[in-house]
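Remarks on the structure that follows.
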Number of protein chains: 2
Amino acid sequence: MEDQIIYRIRSFNRFYVRQIGLLQNSVLNTGYSLTEAHILNELRHNPNVTATSINEVLQIDEGYLSRVIKKLINLSLITKKQSTEDKRKYYLNLTNKGIEEHQILDDLSSKSVREQIENLSKPQQLELVDFMTSITKLLK
Amino acid sequence: MEDQIIYRIRSFNRFYVRQIGLLQNSVLNTGYSLTEAHILNELRHNPNVTATSINEVLQIDEGYLSRVIKKLINLSLITKKQSTEDKRKYYLNLTNKGIEEHQILDDLSSKSVREQIENLSKPQQLELVDFMTSITKLLK
DNA sequence: CAAAATACTTGCTTTTAGCAAGTAAATAAA
DNA sequence: TTTATTTACTTGCTAAAAGCAAGTATTTTG
């Protein structure tokens, strides 16, 4: 009974891990790691934040984050500016190039999703979204 | 219109990545990597297969797989036996210890899923599974 | 039989990540 | 108001995870 439910959820999870894997591959082929892409995405949606506030979301090792940020600066994708009120803090922002690269990654993700649903009719697509919304409501 | 659909699917994907991340953490706390756990799982469901056939599913670097298999052998979790008909091939199997360890990992995964739905009523749980089944049917 | 393909291994390197100690600045406590 | 603690970020060192390319042994194919 109950175990049937667990079994089916786990089966769905395996299926969906593969689905999401397909999506992530499209990003990874761009030469950016998932972590780098996440940072660009965070900064696109929350400009002028600090490493610490990024990490409240991403939850990765501080030291590692510091290095990845350094790398993104060297790639001219982001800038770092020391706060004048609190000199411990450094505000991060995307450069124009960073915005462009983020856009490319974002478009790729959308394209990948689009390809996965292109064989569905519009009503089926809407149905799909409804199922997803329902799952989110139940689990969140 | 269409973009709304893509947006919502991507939003669900982000949500579900986090869900699945929670599940995987329970495995990672056991000291096995995800790759190691996947190999144990493959061998549990398909005994007596070769590294190559495992890799048709897992799709990782051959060399790396070879080393992970060696590690699992050193941990006495799996065995490797050369085929007599084709000496290039080596059949892999779980040892009793491997079966036990796999069971532990499997139980942990189930437990983790169980915890994520424990606050739902039984009808809600059944509904959840229905939504998942519907999504799978649409996307697979 | 020679050449190509298959199955797996090994050496070397890179990427990703984590830990711990350290600097500098700000805040709280004595 | 000095001292201790906390915060924000950095750096050195290390380990784990993964990839690439060359190599061995065996089998298959032309």
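Everything numeric here is computed off the predicted structure, so don't read it as measured data. Proteins get letters first, then strands, A, B, ... in listed order; numbering begins at 1 in each.
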message = Output the rounded distance in Å from CG (B:Leu65) to P (C:dT6).
response = 18 Å
request  = Can you tell me the distance, in whole Å, between the CG atom of A:Leu72 and the C1' atom of D:dT10?
outcome  = 16 Å
message = To the closest 0.5 Å, what do you measure between OG (A:Ser110) and CG (A:Leu23)?
response = 10.0 Å
note = Here the distance between atom P of D:dA15 and atom NZ of B:Lys71, to the nearest Å, is 14 Å
ask   = Judged by modelled atom types alone, do B:Asp107 and B:Gln103 share a side-chain donor-acceptor pair under 3.5 Å?
value = yes
Near-strand residues of residues 28-52 of chain B, defined as heavy-atom separation under 4.0 angstrom from DNA chain C = B:Thr50, B:Ala51, B:Thr52
ask   = Taking atom P of D:dT7 as reference, at what distance in whole Å does atom OH of A:Tyr90 sit?
value = 18 Å
request  = In whole angstrom, give the distance that lies between atom CG of B:Leu92 and atom P of C:dA7.
outcome  = 13 Å
task = Using a strict 4.0 Å threshold on nitrogen-to-oxygen distance, state whether A:Lys111 and A:Glu115 make a salt bridge.
result = yes
inquiry  = I need the B:Leu58 CG to B:Tyr64 OH distance, nearest 0.5 Å.
reply    = 11.5 Å
query = In Å, rounded to the nearest 0.5 Å, how long is the span from OG1 of B:Thr136 to CZ of A:Arg8?
reply = 10.0 Å
key: Any residue of residues 16-26 of chain B with a heavy atom less than 4.0 Å from an atom of DNA chain D   = none
message = Do the side chains of B:Arg10 and A:Asp106 get close enough for a salt bridge, i.e. N-O under 4.0 angstrom?
response = yes
request  = Starting from C1' on C:dT9, measure out to CD1 on B:Ile69 and report it in whole angstrom.
outcome  = 11 Å
Worked check of side chain to side chain contact (heavy atoms under 4.5 Å, CB included) between A:Leu72 and A:Leu92 = CA-CA 11 Å; A:Leu72 293 175; A:Leu92 304 171; over 6 Å; no
query = Between CD of B:Gln125 and CG of B:Asn119, what distance do you get to the nearest 0.5 Å?
reply = 9.5 Å
message = Set out, in order, the CA-CA distance, both residues' side-chain angles and the distance that settles side chain to side chain contact (heavy atoms under 4.5 Å, CB included) for B:Tyr16 and A:Gln19, then state yes or no.
response = CA-CA 11 Å; B:Tyr16 218 72; A:Gln19 283 292 116; over 6 Å; no
request  = Considering just the side-chain nitrogens and oxygens of A:Lys70, establish if one lies under 4.0 Å of OP1 or OP2 belonging to D:dT11.
outcome  = yes
inquiry  = Output the rounded distance in Å from NZ (B:Lys80) to C1' (C:dA7).
reply    = 11 Å
inquiry  = Distance check needed: C:dT15 P versus A:Asn74 CG, whole Å only.
reply    = 14 Å
Letter per nucleotide, 5' to 3', of nucleotides 20-30 of chain D [B base touched, S only sugar-phosphate touched, - untouched; heavy atoms, 4.0 Å] = B-----BS---
message = side chain to side chain contact (heavy atoms under 4.5 Å, CB included) for A:Ile78 and A:Leu40? Distances and angles first, verdict last.
response = CA-CA 8 Å; A:Ile78 71 177; A:Leu40 295 181; 4.1 Å; yes
remark   = Value for CG (A:Leu105) from CG (A:Leu28), rounded to nearest 0.5 Å, stands at 10.0 Å
